[in-house]
Amino acid sequence: MPELPEVETIARGLANKIVGKTIARVDVAWKPIAVAPKGVRFARALEGERVVRSWRRGKYVVLDLASGRRLVTSLRMTGRLIVRAAGDGPYPYAHVVLHFTDGTHLVFSEMRKFGRMRLVEPGEPWDADLGIEPLGKPFTPQAFNGIVSGRTTPVKALLLDQRRIAGIGNIYACEALWVARIRPDRPAGALTKPSLRRLHRAIVDVLLEACKMGGSSVDDYVDADGLRGGFQNVLSVYGRLGRPCARCGKSIVRTVLGGRGTWWCRGCQR
DNA sequence: CCGCCGCCCTGCTTGC
DNA sequence: TGCAAGCAGGGCGGCG
């Protein structure tokens with residue numbers, strides 16, 4: 001599932017491939033994907049727009065348009081944004097297709113149909129509910145302490161809360177907690193100062209390393225070129241039920257926390 | 001404000 | 001063997 005590193009990789013890929021292109025026509029095959037503006041107005045509003053920048057905020061891919069508007073895409077579980085050449089055949093689950101004037105097109109594809117695309121007007125506060133960027137300068141150990149302090153929720157649930165920190169999903173929450181040697185079900189506010197230090201560090205390190213490797217292709221994530229990432233090959237706990245912990249040798253377990261599968265090591269995460 | 005639950009979807013796994 | 005039921009999961013709205 002696309003989390004911060006995967007979305008970052010996609011946004012960078014799109015920066016290379018579609019910035020400067022003009023949208024000629026938009027097809028919306030599955031209406032609920034386009035949440036704003038609704039119906040045919042979504043497609044109409046995009047026609048004639050030029051893409052001037054591609055970037056990421058949390059798990060959202062943001063395409064800045066020449067008019068000052070923004071196309072914001074949430075990929076959710078299995079969503080893909082794929083750039084296709086003029087002669088390419090149909091792509092599976094192509095719910096929204098942006099046709100550019102040069103014949104290439106950008107396909108939003110998703111098996112589950114959970115993804116969303118929103119056209120945001122200039123100045124419209126679309127990301128007010130999103131938390132701090134974990135790879136941004138303001139995400140200091142002190143800032144992290146402030147986010148965590150007083151919270152009774154399990155630390156993993158807090159890492160997944162996009163209103164607190166934006167971009168961490170199930171894979172990197174599990175991985176960061178393993179690196180920091182912290183049990184996922186620990187109440188966040190009860191963590192010691194040294195634990196919080198390690199966790200802050202682990203979050204940044206894991207996300208940076210995953211970005212470097214082009215993300216994790218555990219299910220069906222691929223980048224804007226349709227290529228797989230590399231971080232799935234170096235995961236320590238995620239999806240590794242029964243495999244030995246690389247640090248202490250005990251078997252990795254899977255529990256359910258907040259309704260989400262959670263992989264961790266009972267031997268060295270405390 | 002905070003935390004919890006159910007829903008949206010569909011491919012895959014499980015069980016009879 | 002075949003088919004139905006169950007499960008997974010990010011974000012969001014509803015509820016207490």
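So that the names make sense, note that chain A is the first sequence line, chain B the second, and so on, each numbered from 1. What you see is a predicted model; the values in this text were computed from it and never measured.
In the displayed structure, A:R57 atom CZ is contacted under 6.0 Å by more than 12 heavy atoms of other residues, nucleotides or ligands. The environment of CZ in A:R53 is crowded: more than 12 heavy-atom neighbours from other residues, nucleotides or ligands sit within 6.0 Å.
With sequence neighbours left out, A:P244 forms a side chain to side chain contact (heavy atoms under 4.5 Å, CB included) with no residue at all. For A:K59, the side chain to side chain contact (heavy atoms under 4.5 Å, CB included) partners are A:V7, A:Q162, not counting sequence neighbours. Partners of A:R112 according to the side chain to side chain donor-acceptor pair (under 3.5 Å) rule, which considers only residues two or more places apart in sequence or in another chain, do not exist here. Listed by chain and number, the residues in a side chain to side chain contact (heavy atoms under 4.5 Å, CB included) with A:A202 are A:A176, A:V179, A:A180 (sequence neighbours excluded). Residues forming a side chain to side chain donor-acceptor pair (under 3.5 Å) with A:D64 (at least two apart in sequence, or on another chain): A:W55, A:R70. Listed by chain and number, the residues in a side chain to side chain donor-acceptor pair (under 3.5 Å) with A:R247 amount to none (sequence neighbours excluded). Applying the side chain to side chain donor-acceptor pair (under 3.5 Å) criterion to A:R12, with sequence neighbours excluded, gives A:E8.
Pairs of residues two or more places apart, or lying in two chains, that qualify as salt bridge (Lys or Arg N to Asp or Glu O under 4.0 Å) and include a residue from residues 29-44 of chain A are A:R44-A:E47.
Between A:E133 and A:R56 there is a salt bridge, since a side-chain N of the basic residue sits under 4.0 Å from a carboxylate O of the acidic one.
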Between the protein and nucleotides 12-16 of chain C, list the N/O to N/O atom pairs that are separated by less than 3.5 angstrom.
{"residue": "C:dC12", "atom": "OP1", "partner": "A:Y60", "partner atom": "OH", "Å": "3.1"}

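Contact annotation for A:G258: no contact, since no heavy-atom pair falls under 4.0 Å across all strands.
For the atom pair A:T262 OG1 and A:L257 CG, the distance stands at 4.5 Å (nearest 0.5 Å).
Between A:E3 atom CD and C:dG10 atom C1' there is a gap of 10 Å when expressed in whole angstrom units. Straight-line distance from the CZ atom of A:R112 to the P atom of C:dG11: 15 Å, rounded to whole Å. Put simply, CG on A:L4 is 11 Å from P on C:dG11, counting in whole angstrom units.
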Would you check, one step at a time, whether the test side-chain contact (heavy atoms from CB on, under 4.5 Å) holds for A:M117 with A:F108? CA-CA 9 Å; A:M117 297 180 105; A:F108 175 84; 4.1 Å; yes

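In the 5' to 3' direction, nucleotides of DNA chain B lying under 4.0 Å from heavy atoms of chain A begin and end at B:dC2 to B:dG11.
Stacking between A:F114 and C:dG9 is absent: the ring centroid is not both under 5.5 Å from the six-membered base ring centre and under 30° in plane angle.
Contact check of residues 148-175 of chain A against DNA chain C (heavy atom, cut-off under 4.0 Å) returns A:Q162, A:N170.
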If pairs are Watson-Crick or G-U with both distances under 3.5 Å, what is the dot-bracket string of DNA chain B, marking crossing pairs with [ ] and pairs to another strand with |? .|||||||||||||||

